[in-house]
Amino acid sequence: MVKRNDYRDTLNLPRTEFPMRANLGEMEPRIQRFWEDIRLYETVKEHAHGRPQYILHDGPPFSNGDIHLGQALNKILKDVVVKYKTMRGFDAPFVPGWDNHGLPTEIAAIRAFDIDRHAIDPMELRARSAETARRYIDVQRDQFRRLGVRGDWEHPYLTMDREYEASVLEAFQEFVARKCVYRGLKPVHWCPECETALADAELEYKEASSLSVYLRFPVVSLPERALAGVPVVGPVSFAVWTTTPWTLPANVAVAVHPKLEYVLVRAGEEHLVMARGLLEETMKELGIADCEVVSATPGSTLEGGKLKHPFVDREVPVVLAEYVSLEQGTGCVHTAPGHGREDFDTGQKYDLPTLQPLDPRGIFTEEAGKFTGLSHTDADPQIVEELERQGMLMKAGELRHQYPHCWRCDSPVVFRATKQWFVDLEPFTADALEAVDSVTWVPPWGLPRIRGMMEERPDWCISRQRAWGIPIPVLYCEDCGHELLAPEVVGQAIELVRENGADAWFKAAVADLVPDGTVCKQCGSKRFHRGEDIFDVWFESGSSHAAVLKTRRGLRWPSDLYLEGHDQYRGWFQLSLWNGLISQGGAPYRTVLTTGFVLDENGRKMSKRLGNAIDPQEVVRDLGAEILRLWVSYVDFKEDMPTGEDIFHQVVDGYRRLRNTLRFMLANLYDFDPARDAVPREDMGEPDRWVLHRLAGLADRVTQAYESFEFHQVYHRTHEFCAVELSQIYLDLLKDRLYTYPPTSQARRSAQTALWVLTTTLAKLVAPILSHTAEEVWQHLPEWEGKEQTIQLCAWPEADEWRDRELGERWERDIVPYFQDADLAVEHLREHGAVRQPLEAELALYCPEEVWQRLVEALGEDELAAASGVSKVTYGGEVDAAPPDAYVAQGDRALRIAGRRSEAAKCERCWRRQESVGEDSDHPGLCARCVEYVTR
RNA sequence: GGGCCUCUAGCUCAGUUGGCUAGAGCGCCGCCCUGAUAAGGCGGAGGUGGCUGGUUCGAGUCCAGCGGGGCCCA
């Protein structure tokens, strides 16, 4: 035993300080401190100075809470892109940003400070909101940094910075100059809880329960050509269906489709009018069996008919509308211009009044008569009762359907006609579509998707009735109330805001907001008051391209890349594009890359309510940022991404394989200095050249994967390479050479040369993703002349020089399959109990002599045994000479392998069984080869 | 209800322009090693390719419909 230990000391066993267990919770912060110490962001920036730029423009998250998994994913992906591009030789700055204004933060502030928002002074609320925003900027900044995201964290862009605010107003000024901004009374989505208008992008559609009510609109008169000459006994009514009875007080018409056929139906004692296509379904719903069609007529003939409102003393006309459909209801559509977009259009066409009996809180005003003072939700059942009392109710049921809810407070929204500021986008649509076509959309289906959205987009409501935001710089005439929207007013506001921030608009004396000589265009008055509305936050974030890219040194407009979740086709991508087009004349990005959504392990959406949301901070704490980073490279982020404990555990396993492979190689480089010891390529052994040839292939595929944003390919290819090419094949056959050969022998140095190339190349290939681990590897590599201070300053690895197609093809054809056969032959022996472990075995190959020759030439007889995992491999002869129980190679390979237990003694040093063991009297336990090495 | 996306072994992914017995890694089971050791090696068991039709000599790969999931919208 003593002797054996002596020989152990003559081996070159792996050594390294690189720990097997990562202990990421400790290692990552240490690496991050190192990056801070060397001022990594600035260092990289200086390094990249003068190179071609690659600008990824960050979409700003709301500064209203901890970051969630989707945001962690998003920033990591951006980090991967930026780091990759940097290594590829670009100057790729990353300026992170935050969206500070708007409801998300205002609500966070109201909650945090327990504010009664009706009692608080708006300026105070603004101050509190700003405070909340600042707090969460700090929180999120720390959280993003903890993920290892490299960026200009000391100088992020904030939408509440004065400069930024001024830029938003400058964009607005362009809009005004292009004359596309107007004020109008229109039904908009309105949140009664938040008491503000909402943009399309601020709605969430969710399953909700509504009433489903069938009611009567009694006929007062119908045009002659409709139902002419039909003898009718008893009352006649239009059958109408609605899910929002509370909108009935605002009803001013019933719409029918001009081209659909309508029927007069006798139903028991009365007669009803409805679309023929919905007759059967409606009768079933109403439970009426006793009915017959009396006559039929096209909808167009009904136009001009007069109906009686079911409970208000009001006569309402029958009108025509193309949007009436046979999907649901009766084909006779209740029309309230104050409560629906289409209804409003119809109202305009027929010059109907826009009744709007709902106040900002969703409470009925006096206009609603007997329902005054009720909230619209409370009114629903009372209106049904009223219908019942009036004998106008036919059926009241329930319906579950998708209904829009406020994105912030989760309440169901209503349509409410109010005076708001709009942008008319129609004049720009053609240009916008052209701009969209010139952008690269990844994945490609993004193009038709955003096109479809932009083609059908209604006017953009940009005003909000809240405190926390940038004011819309408009004035209203004190005398006649007419609005004054003028470039000079905006211009003056820009200077004011640039100097003092957006608060200044609200604080300044009105006189300071009114340019000299301004008079009301309607009444000539010179007295004005300021507008209190603020901008839709999407107008703010949609201006970021100009506010950031055009004002910061080192950036450029347009950007190369926007990278966000695919919900942003509707949001940031689209609104940035309109904004860019109108204010700058083009799209603010060249490529748009979208990600899927994070789902739970069952493929369900994550939500706080379902309790299946994963907190990235928890993942970082329990598993490490590297695991989160590797996860974004484990799944295909362009699709929806399932997540969960199981999946993270698999990522952890994958991480271990990568880490240990790197560690093993590192551990065999402890005495290697590439400048001194590297073996020239032509002197390297075939296995070493083969593995580097394979590495070149890997580098190609990985590079291609980065270029096409297929980061999951980076992980899967690299992982497979580590597991198969390295662990199973190359590193296994290398051990004998690395451990037992003389340290400075060319054979060992050749192996180390390969290991050095492999380690440095692999570390660089994964550096954009596994930034901490790659850095850790880098720091553990021996020093050499010209070694970069950090791996993040390294150039992208070039492995082309190692490509050797002839050798590669020969190995794939002749050599690699043999390894599998050798393994199976040994397994064959083990199954029969001849040996327990491979080194107890020796193999005899039966094959055409040229096959044998190829193996020997590729590997050498010595390494052939090592590569086979056994003590000895010999040539037995032609295939037909093989013993009957020999293993038969797979496929049609002309190879049989006879294995047997070696009779030779085990060399104490190299553990191979060799006949030569015992020949040397000084070292009776060693084989001849080991004797030679030991005594050399 | 509409538009778009998606559905390959328990899990994450590969599968050129339709063509041999559908692959990999992980996980799982069995064995080996103890000189990568809270590692490593070998072997094995796992797939009616969401479902149903169709085009074709032949479809995971093309077409239609249905279903599950997701995003967006009404």
Side-chain angles (χ1 to χ4, degrees), chain A residues 4 7-8 11-16 18 20-21 200-201 203-205 323 325 327-328 340-342 401-404 443 445-453 456-457 565-571 574 594-606 631 633-636 638-644 646-654 656-657 659-668 701 710 712-713 715-724 726-729 731-732 735-736 738-740 820 822-831 835-840 869 909-911:
Chain A
R4 189 181 153 198
Y7 290 128
R8 192 173 195 275
L11 296 168
N12 321 298
L13 295 178
R15 9 179 142 140
T16 180
F18 188 89
M20 171 169 285
R21 303 198 65 204
D200 293 329
L203 302 173
E204 273 178 22
Y205 286 80
Y323 55 80
S325 82
E327 270 171 25
Q328 258 176 326
R341 219 167 254 169
E342 291 172 326
H401 61 161
Q402 294 287 312
Y403 192 83
W445 51 256
L447 176 61
R449 178 147 182 190
I450 195 157
R451 263 187 148 268
M453 286 180 182
E456 295 174 21
R457 177 169 225 309
H566 59 225
D567 55 335
Q568 298 303 329
Y569 285 114
R570 155 182 88 154
Q574 193 192 145
T594 58
T595 71
F597 273 65
V598 181
L599 308 178
D600 72 8
E601 48 220 315
N602 300 315
R604 300 295 178 139
K605 65 193 294 183
M606 271 191 188
W631 165 71
S633 165
Y634 179 69
V635 296
D636 181 355
K638 291 204 263 341
E639 307 293 340
D640 289 339
M641 295 151 281
T643 335
D646 284 353
I647 289 170
F648 281 125
H649 279 307
Q650 289 177 55
V651 176
V652 169
D653 285 330
R656 282 210 198 99
R657 167 68 84 168
R659 181 178 182 85
N660 277 316
T661 305
L662 287 164
R663 176 176 182 270
F664 178 75
M665 297 194 292
L666 216 42
N668 283 293
R701 310 196 80 148
E710 307 257 312
H712 63 293
Q713 300 290 359
Y715 168 84
H716 288 282
R717 303 281 188 202
T718 306
H719 187 270
E720 191 178 337
F721 183 80
C722 286
V724 180
L726 294 183
S727 282
Q728 285 170 25
I729 300 175
L731 298 180
D732 219 32
K735 286 174 188 168
D736 182 64
L738 283 170
Y739 298 169
T740 71
Q820 165 83 0
D823 285 338
L824 286 166
V826 172
E827 190 64 22
H828 188 64
L829 276 182
R830 299 201 321 156
E831 273 167 21
V835 298
R836 279 178 68 79
Q837 51 155 305
L839 276 178
E840 291 171 7
R909 184 170 178 274
C910 71
W911 292 356

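Naming: A, B, ... by sequence-line order, numbering from 1 per chain. Side chains are part of it too, since the values below use all heavy atoms of this structure and drop only hydrogens, waters and symmetry mates.
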Return the polar atom pairs (N/O with N/O) between nucleotides 63-70 of chain B and the protein under 3.5 Å, or none.
| from | atom 1 | to | atom 2 | distance (Å) |
| --- | --- | --- | --- | --- |
| B/G69 | O2' | A/Gly603 | O | 2.7 |
| B/G70 | O2' | A/Asp640 | OD1 | 3.4 |
| B/G70 | O2' | A/Asp640 | OD2 | 2.6 |

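- Between the CD atom of A/Glu720 and the C1' atom of B/C11 there is a distance of 16 Å, rounded to whole Å.
- Residue A/Met453 is in sugar-phosphate contact alone, with no base atom involved, counting any heavy-atom pair closer than 4.0 Å across all strands shown.
- Summarising the geometry, the separation between CH2 on A/Trp631 and P on B/C13 is reported as 10 Å, rounded to the nearest angstrom.
- Nucleotides B/G27 and B/G69 are separated by 24 Å at their C1' atoms, to the nearest Å.
- Across all strands shown, A/Gln713 has heavy atoms under 4.0 Å from sugar-phosphate atoms exclusively, and none from any base.
- Pairing each heavy atom of A/Thr16 with each of A/Ala667, the nearest pair is CG2-CB, 3.6 Å.
- A/Gln650 comes within 4.0 angstrom of a nucleotide base, judged by non-hydrogen atoms across all strands.
- Summary of the strand contacts: A/Thr740 and A/Met641 both lie near RNA chain B, and taking for each the nucleotide with the nearest heavy atom, the more 5' one is attributed to A/Met641.
- Taking the P atom of each, B/C42 and B/U52 are spaced 39 Å apart, rounded to whole Å.
- Checked by atom type and distance alone, the side chain of A/Arg830 never pairs as donor or acceptor with a backbone atom of A/Gln837 at under 3.5 Å.
- Not counting sequence neighbours, the partners of A/Glu710 by the side-chain contact (heavy atoms from CB on, under 4.5 Å) test are A/Lys638, A/Ala705, A/Ser708, A/His712, A/Gln713.
- Scanning for side-chain hydrogen bond (donor to acceptor under 3.5 Å, both in side chains) contacts around A/Glu840 gives A/Arg901, with sequence neighbours left out.
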* Quick one, give me the B/S/- string for nucleotides 38-46 of chain B, reading 5' to 3', where B means a protein heavy atom under 4.0 Å from the base and S means that only happens at the primed atoms, P, OP1 or OP2. => BSSBBS---

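- Among the protein residues, A/Asn668 comes within range of no part of the nucleic acid, since none of its heavy atoms lies under 4.0 Å from any strand.
- Classification of the A/Phe648-A/Trp631 ring pair by plane angle, with boundaries at 30° and 60°, yields tilted.
- Residues A/Ile450 and A/Gln574 are in side-chain contact: their nearest non-hydrogen atoms beyond the backbone lie under 4.5 Å apart.
- If you check B/G35, B/U12, B/G25 against the side chain of A/Leu13, the one that comes closest is B/G35.
- Taking the six-membered ring where the residue is Trp, A/Phe664 and A/Tyr739 present perpendicular rings, their angle passing 60° and hence far from 30°.
- The nearest whole Å value for the distance from the CG atom in A/Asp567 to the C1' atom in B/G3 is 16 Å.
- Whole-Å rounding puts the A/Leu11 CG to B/A36 P distance at 11 Å.
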* Asked: When Watson-Crick pairs (N1 to N3 and N6-O4 or O6-N4) and G-U wobble pairs (N1-O2 and O6-N3) count only below 3.5 Å on both distances, what is the dot-bracket string of RNA chain B, with | for other-strand pairs?
  -> (((((((..((((.....[...)))).(((((.......))))).....(((((..]....)))))))))))).

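- For the pair A/Arg659 and A/Met20, the tightest heavy-atom approach, listed with the atom from each and the gap, is NE-O, 3.3 Å.
- More than 12 heavy atoms of other residues, nucleotides or ligands lie within 6.0 Å of CZ in A/Arg451, so this atom counts as buried by the packing criterion.
- A/Met641 and A/Gly596 make their closest contact through CE-O, 3.4 Å (heavy atoms, listed as atom of the first residue, atom of the second, distance).
- The distance from atom CD of A/Gln837 to atom P of B/G35 is 11 Å, rounded to the nearest whole Å.
- Distance A/Arg836 CZ to B/U34 P: 11 Å, rounded to the nearest Å.
- A/Arg909 contributes a side-chain N or O that, together with a main-chain N or O of A/Thr740, makes up a donor-acceptor pair within less than 3.5 Å.
- Contact annotation: A/Tyr634 does not reach the phosphate of B/G25 (side-chain N/O to OP1 or OP2, under 4.0 Å).
- For B/G46, the base adopts the syn conformation, since its glycosidic angle falls within 90 degrees of zero.
- Qualifying side-chain contact (heavy atoms from CB on, under 4.5 Å) partners for A/Asp600, counting only residues two or more places apart in sequence or in other chains: A/Asn602, A/Arg604, A/Asn612.
- Among the protein residues, A/Pro642 comes within range of the sugar-phosphate backbone only, with heavy atoms under 4.0 Å from sugar or phosphate atoms but none that close to a base.
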* To do: Take A/Leu599 and A/Glu639 through the test side chain to side chain contact (heavy atoms under 4.5 Å, CB included) and record every step on the way to the result.
  => CA-CA 10 Å; A/Leu599 308 178; A/Glu639 307 293 340; over 6 Å; no

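- Contact check, A/His712 against B/A14: a side-chain N or O comes under 4.0 Å of OP1 or OP2.
- Within 4.0 Å of A/Arg451, counting heavy atoms only, lies no atom of the nucleic acid at all.
- Comparing B/G47 with B/A22, their P atoms sit 12 Å apart, to the nearest whole Å.
- Rounded to an integer number of Å, the gap from CD of A/Glu639 to C1' of B/C11 is 17 Å.
- Between A/Tyr715 atom OH and B/C13 atom C1' the separation is 10 Å, expressed in whole Å.
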